[in-house]
Amino acid sequence: MRTLLPLCGVVLTATVVSAQPTLDIHHIDVEGGAATLIVTPARESVLVDAGWPGNGGRDVGRIEAAMKAAGISRIDHLIVTHYHTDHAGGVPALVARVPVGAFYDHGLMEAPHAPDFAANYQAYMAAVPQRRTLAPGDVLQLRPAPDATPITLRVVAGHGKVWSRDSGPRNAKCDSVPAKPVDVSDNARSVGFVLTYGAFDFFDAGDLTWNTEAQLVCPNERLSAVEVYQVTHHGLDTSNHPLVLDALAPTVAVMNNGAKKGGSAATVKALKALPSLKALYQLHRNETTGPDDNTSPDLIANPEETPDAGHGVTVRARKDGTFTVVNHRTGDTRAFAAR
Ligand SMILES: [Zn+2]
């Protein structure tokens with residue numbers, strides 16, 4: 001196991017430090033892409049993915065708005081889960097406008113595949129001055145909370161490999177879920193991690209796909225329960241392996257789908273069936289499926305594609321494992337108990 005110490009300093013903004021700081025996870029709406037801004041109780045920031053390029057700087061604008069609302073002016077760590085356009089495409093625009101301390105990704109590509117992938121990968125590499133590889137088992141040690149509670153980001157997947165911990169129990173259900181066709185795309189190489197603050201855990205695996213997900217739970221369980229699950233791959237059913245959902249047993253799931261991207265009916269159904277799940281939030285209503293294949297309307301941040309206000313969903317976690325979730329469209333804030 002490698003422990004990666006941050007290279008960068010801290011921005012402390014007195015006006016936003018409260019007596020009981022929370023670990024805040026802002027799910028920014030980037031229209032079926034990914035951009036998740038984490039701000040720790042020590043006011044350290046981690047941005048996971050940077051949305052799409054183009055669209056008049058829409059996604060970097062939304063990231064900047066979320067940063068401003070969070071009271072931060074720089075990104076201390078930028079993690080790009082993989083090199084697809086909806087995750088890495090926004091990086092060049094971001095670095096042109098926002099100071100970034102350190103860059104992390106799943107590693108160098110030996111042979112980029114499709115032409116659009118190669119162009120996107122090259123644009124990312126050109127925009128990033130110095131990058132570090134996150135490999136399964138790595139731990140990014142973030143600054144502890146003011147009361148010294150550690151905050152860690154443990155990498156469980158990357159570059160097509162998974163955390164090799166094999167101390168978990170053998171999973172008797174492995175034969176019950178068939179594999180899917182081999183995924184040669186960069187989705188299968190996504191970085192996946194567990195972020196831990198005291199008794200609170202958050203799981204984000206980018207667009208990790210079925211067969212690689214399966215390695216996280218078969219033949220041995222390598223995952224433990226989490227409070228909040230960022231629904232993998234925008235909710236597509238080529239991801240969200242049922243045994244991973246079982247192992248994570250999330251209290252809340254947040255799906256960063258678009259109006260017509262992600263949010264597969266099968267994934268929504270599987271999430272709703274989890275005994276642990278208290279709420280499924282969606283950044284968009286999936287307009288291609290019906291009401292039964294979406295979450296309840298009050299948990300949707302953007303019910304209509306047009307006009308699209310780009311509302312997000314924010315999780316605020318305490319070290320005892322309790323947390324609240326805000327739907328920024330309505331301002332509705334729900335509290336959730338610790339496991
Ligand atoms: Zn994606």
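All ligand and atom numbering here is 1-based and tracks the order in the structure.
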Item to check | Aromatic plane relationship, His82 with His84 - under 30° parallel, 30 to 60° tilted, over 60° perpendicular | outcome: perpendicular
Checklist entry - Taking the six-membered ring for Trp, are Phe202 and Phe193 parallel (under 30°), tilted (30 to 60°) or perpendicular (over 60°)? => result perpendicular
Checklist entry - Do any N or O atoms from the side chain of Ser45 and from the backbone of Arg74 form a donor-acceptor pair under 3.5 angstrom? => result yes
Next on the checklist: Using the ring centroid of each side chain, check whether His87 and His234 are separated by less than 6.0 Å.
Outcome noted: yes
Next on the checklist: Give me each pair satisfying disulfide (SG to SG under 2.5 Å) with a member in residues 200-303, each pair once, sequence neighbours excluded.
Outcome noted: Cys174-Cys218
Checklist outcome for this item: Atoms listed for the Zn ion (ligand 1) (protein only, N, O or S, under 2.8 Å, no waters) are Asp86 OD2, His87 NE2, Asp207 OD2, His234 NE2
Checklist entry - Charged N to carboxylate O below 4.0 Å: is that the case for Glu287 and Lys260? => result yes
